[in-house]
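Here's the structure we're looking at; comments come further down.
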Amino acid sequence: MIDPLIETVDLKKYYSVSSGNFFDRKKKIIKAVDGISIKIGKKETLGILGESGCGKTTLGRLILNIIKPTSGKIFYNGKKINKINPEMQIIFQDPYSSLDPSMTIEESLHEPMIVNGIDRIEREKRISNLIDNIGLSKKILSRYPHQFSGGQRQRIVIARALTLNPSFVVADEPVSALDVSIQAQILNLLKDLRELYSLSYLFISHDLSVVKYISNRIAVMYKGQIVEEGNSDNVCERPIHPYTKLLISSLPEYYSQNEDLKEIEREQKGSCVFYHRCPFADQQCADEEHLDFKLFDNNHKVKCVKTNSVNTK
Amino acid sequence: MSTLLEVNNLCISAKTDDKILNIVSDVSFLLKKGELFAIVGESGSGKSITVLSLMGLLPKNFYISSGSVDFNDEDLINIPVPLLTIGFQVSENLITHGKMKKKDALEESVKLLEQVGISNSRERLSSYPHQLSGGMRQRVMIASAISMKPELLIADEPTTALDVTVQASIMRLIKKLCQENNSSLILISHNLSLVKNTCSSVAVMYSGSIQELGLCETVFTKPIHPYTKMLISCLPKMNSSEKLISIAGTPPTPIERPKGCSFNPRCPKATDICRKEIPTLKEIEKGHFVRCFNLEAKND
């Protein structure tokens, strides 16, 4: 990638939590995002795949500067940024709480543009274009959020995110709250809008098949770190990291093949975040203190010391 | 296999301030002993209300307006039988329904917790729910549900709130326990691939009624109802990146259900009769039922 639109360098977000009783306070550090370096090209979608608590949402918010990183840098179009940028927007998971119930749809769509000082004529021009492109009619503008279904609200939320002509959008689980028959509508809409407005997405989801459908590349996250990253097809069809393999074999499609899959739980050692659950881990993994990515064909990166031996199994 | 549960033309209505709404209409299915059965549908399709009515747990303003439910040849609507669902603490069930002493019930609970794969189960007895992870809590719920060795286990979206890796182990556990106790299972889910890979037969519900019913391998590989077909084709698949076919519009709420077949406004094959009359559930080959007028569309 010659000129990435978004680049993060060793991005970290640590939270300190206190535990223990009143007389014996212990400070514990939670590494929500732990040294993430990613690049997202123009018109590219990077899918972030991970289970709850892996830090994927925190990563999205760090890139948008909604929360401040503990350390690390974020570049947008080659420039270092450290505050909220109107060209970078977000679509949240829950379309029911994303819209102000006391505002009409028209007011909700105007608001971000008013805040950013765009004049009325331009605002109305943009809204009328957007309404056409997201598949709703102008009649909806005078209505309130409660008059819409989840899928329609998510369309409105997407339109609002696009009012400021962003070039980068973080989509944080945008279809997980929707019914199956509505999910496809929204996924196709996001794909069409990507072409129409030349958008780049960071698409965050726990659903492997959804991430695969929309993303050019996928990064698999576990405990604040990326453990595998590569082209969507490579990651899904030829996964290398044991965690990615576990995720794929946990899909119901593969239930019959994983009957003998053992659940493992051991004490965490070494620098591999997956050590405590990995079926392939051994002394070599426990001793490894400076785990780094190994490179494979097609820019496929994997953080595992045993990649070669795991791969041949 | 003998029949455990027989539901015939079940209709459930709800009283609102000014009118009576049909929530579930004409639901019929048979469940054999030891059978793993699934009800799939989107939110608001009536799948949860259907099973709540089987347990006599309908919300206050809901009532069964017609139809019958026979469990072990007894009429369930009139005689409440203690079917068990996920939702009680483990030993409470044993004490109330099993007439056990508290001490014995706790001993039994330790065994149950071990059975569902919770380590240190004796120490866990004194844990509070917030000290357990989501997967562990669901295991405890399952332990309580199987404590009375029920003939029928109803699992309403048991893994929706869980991560995929945990979902896989919970589903394996439910399947194993059903096989060990020869219990039947009604799994309610919106996750088609989960259902396909767990159960042997399935009912597809839309807008309060069953649209297609049959063996999973038939319904998922040779679907006939346009809704089932489109529902399957609108899911992203791991092994293909073709553009998804989406179903236009949204499922109707009970107030806005259309005249005729409830799927007709979203159905590409709808004709005049679909907009006027409600089709019946027809058996088109042995054990495969479809509620649709356009059955000649079968071969495309």
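Chain identifiers are assigned alphabetically (A, B, ...) following the order of the sequence lines, protein sequences preceding nucleic acid strands; residue numbering begins at 1 within each chain. This is a predicted model, so every value here is computed, not measured.
Checked by atom type and distance alone, the side chain of Asn188(A) pairs as donor or acceptor with a backbone atom of Leu244(B) at under 3.5 Å.
For the atom pair Ile248(A) CD1 and Thr165(B) OG1, the distance stands at 13.0 Å (nearest 0.5 Å). Between the CD atom in Gln167(B) and the NE2 atom in His206(A) there is a gap of 8.5 Å [rounded to 0.5 Å].
The environment of Glu195(A) atom CD is dense: over 12 non-hydrogen atoms of other residues, nucleotides or ligands sit within 6.0 angstrom. Under a cut-off of 6.0 angstrom, the local environment of NZ in Lys31(A) is sparse, with at most 12 non-hydrogen atoms contributed by other residues, nucleotides or ligands. Within 6.0 Å of CG in Leu141(A) there are more than 12 heavy atoms belonging to other residues, nucleotides or ligands. By the 6.0 Å contact criterion, CG on Asp18(B) is enclosed, its count of non-hydrogen atoms from other residues, nucleotides or ligands being greater than 12.
In terms of heavy atoms, Ala168(B) sits closest to Ser250(A) at CB-O, 3.7 Å. The two atoms that bring Leu187(A) and Pro236(B) nearest to each other are CD1-CG, 4.1 Å, heavy atoms only.
Contacts between Ser52(A) and chain B at a heavy-atom distance below 4.5 Å involve backbone atoms as well as side-chain atoms. With a 4.5 Å cut-off on non-hydrogen atoms, Ile214(A) does not touch chain B at all. Heavy atoms closer than 4.5 Å to chain A are found in the backbone of Ile245(B), but not in its side chain. At a 4.5 Å heavy-atom cutoff, Met230(B) makes no contact with chain A through either its backbone or its side chain. In this structure, chain A has heavy atoms under 4.5 Å from both the backbone and the side chain of Ile247(B). In this structure, chain A has no heavy atom under 4.5 Å from any part of Thr253(B). Looking at Gln152(A), neither its backbone nor its side chain comes within 4.5 Å of chain B, counting heavy atoms on both sides.
Between Tyr213(A) and Met238(B), the closest side-chain pair of non-hydrogen atoms is not below 4.5 Å. The closest side-chain heavy-atom distance from Gln185(A) to Thr250(B) is not below 4.5 Å. Annotation: side chain of Glu42(B) is in contact with side chain of Ser181(A) (closest heavy-atom distance under 4.5 Å).
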